Amino acid sequence: LVYAVGADYHYTTALGRGVLNGNSLDNFEELFRGELMLEGGNHFGSRIIFDKDNKLYFSIGERGRQAFAQDSTNHYGGVLRLNDDGSIPDDNPYLDAPGAQPEIYTMGNRNIQGMFYLNEKDEIWAIEHGPRGGDE
């Protein structure tokens, strides 16, 4: 699951897993926590999918700071990619880019609200909110 986490009015997006047992979540562990804790409570947008190789993709909003979506030194405004155990795949596109966050798979996405993996074509489809309407 993906959730907002924070302290002292500063927040980020985190990813965790556990076992649903009735109404409780047992054996919970946090696998990822986004870099930079920011003030504000908007654009945490996140969806989770797995591909045919069991790689985990999840979107993370740009937190209302559009320039962050173009900056690889933070996690905001894109799709992040992990192995299903939370480790970083050795073929992620920004893995060896100086200063870049190694989990980044795509950048420049404002606030993805829908994401789907089309197995037959090995494609990921995503829908995000445009900054002035005009969703894409």
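The residues of the chain are indexed from 1 along the displayed sequence. If you're wondering where the values come from, they're calculated on a predicted model, not measured in any experiment.
- When all heavy atoms of E62 and N109 are compared, the closest pair comes out as CB-O, 4.4 Å.
- In plain terms, the two heavy atoms of M37 and A7 that are nearest each other are CE-N, 4.0 Å.
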- Message: Is there a side-chain contact (heavy atoms from CB on, under 4.5 Å) between I104 and L80? Walk through the geometry before answering.
- Response: CA-CA 5 Å; I104 295 174; L80 307 181; 3.9 Å; yes
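- For the residue pair D51 and K55, the shortest heavy atom distance occurs at OD1-N, 2.9 Å.
- By the 6.0 Å contact criterion, CG on D122 is enclosed, its count of non-hydrogen atoms from other residues, nucleotides or ligands being greater than 12.
- L82 and I48 fall within the same hydrophobic cluster, where Ile, Leu, Val, Met, Phe, Trp and Tyr residues are linked whenever their side-chain heavy atoms come under 4.5 Å apart, directly or through other members.
- A distance of 4.0 Å separates CD in E39 from NE2 in H10, rounded to the nearest 0.5 Å.
- Put simply, the side chain of N83 never gets that close to the backbone of G86: no donor and acceptor are under 3.5 Å apart.
- One distance of note links CD1 of I112 with CD1 of I127; it measures 10.0 Å at 0.5 Å rounding.
- For the atom pair E103 CD and L15 CG, the distance stands at 10.5 Å (nearest 0.5 Å).
- Tracing side-chain contacts under 4.5 Å through hydrophobic residues (I, L, V, M, F, W, Y), one never reaches V79 starting from L36; they form parts of separate clusters.
- Separation of atoms CG (D84) and CG (D53) is listed at 11.0 Å; rounding is to 0.5 Å.
- Counting only distance, with no hydrogens or angles, the side chain of R33 and the backbone of T12 share no donor-acceptor pair below 3.5 Å.
- Under the 4.5 Å side-chain heavy-atom criterion for grouping Ile, Leu, Val, Met, Phe, Trp and Tyr, L31 is not connected to Y3 through any hydrophobic cluster.
- D71 places a side-chain N or O within 3.5 Å of a backbone atom of T73 that can act as its donor or acceptor partner.
- Side-chain N or O atoms of N92 include one that pairs as donor or acceptor with a backbone N or O of P102 at under 3.5 Å.
- Under the ring-ring contact (aromatic ring centres under 6.0 Å, His included) test applied with H75, the options F32, F58, Y94 reduce to a single match, F32.
- Remark: Y11 pairs with no residue by the side chain to side chain donor-acceptor pair (under 3.5 Å) rule, at least two apart or across chains.
- Summarising the geometry of G108 relative to E128, their closest heavy-atom pair is O-OE1, 4.3 Å, with the distance given to 0.1 Å.
- Contact between Q66 and R110 at its shortest, heavy atoms only, is NE2-NE, 3.6 Å.
- Residue I60 is grouped with residue M107 when hydrophobic side chains (ILVMFWY) are merged at heavy-atom distances under 4.5 angstrom, including chains of intermediate members.
- Taking the six-membered ring where tryptophan is involved, the planes of Y57 and Y105 are perpendicular, since the angle between them exceeds 60° and thus also 30°.
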- Does the side-chain contact (heavy atoms from CB on, under 4.5 Å) test come out yes or no for K52 and Y117, once each step is laid out? CA-CA 9 Å; K52 66 180 180 183; Y117 178 69; 3.6 Å; yes
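- The cluster map of Ile, Leu, Val, Met, Phe, Trp and Tyr, joined by side-chain heavy atoms under 4.5 Å apart, puts V2 and Y76 in the same cluster.
- Once rounded to the nearest 0.5 Å, the distance linking CD1 of I124 with CD1 of I49 reads 4.0 Å.
- We find the CG-CG distance between N27 and L20 to be 12.0 Å, quoted to the nearest 0.5 Å.
- Nearest heavy-atom pair across P89 and R81 is CD-O, 3.4 Å.
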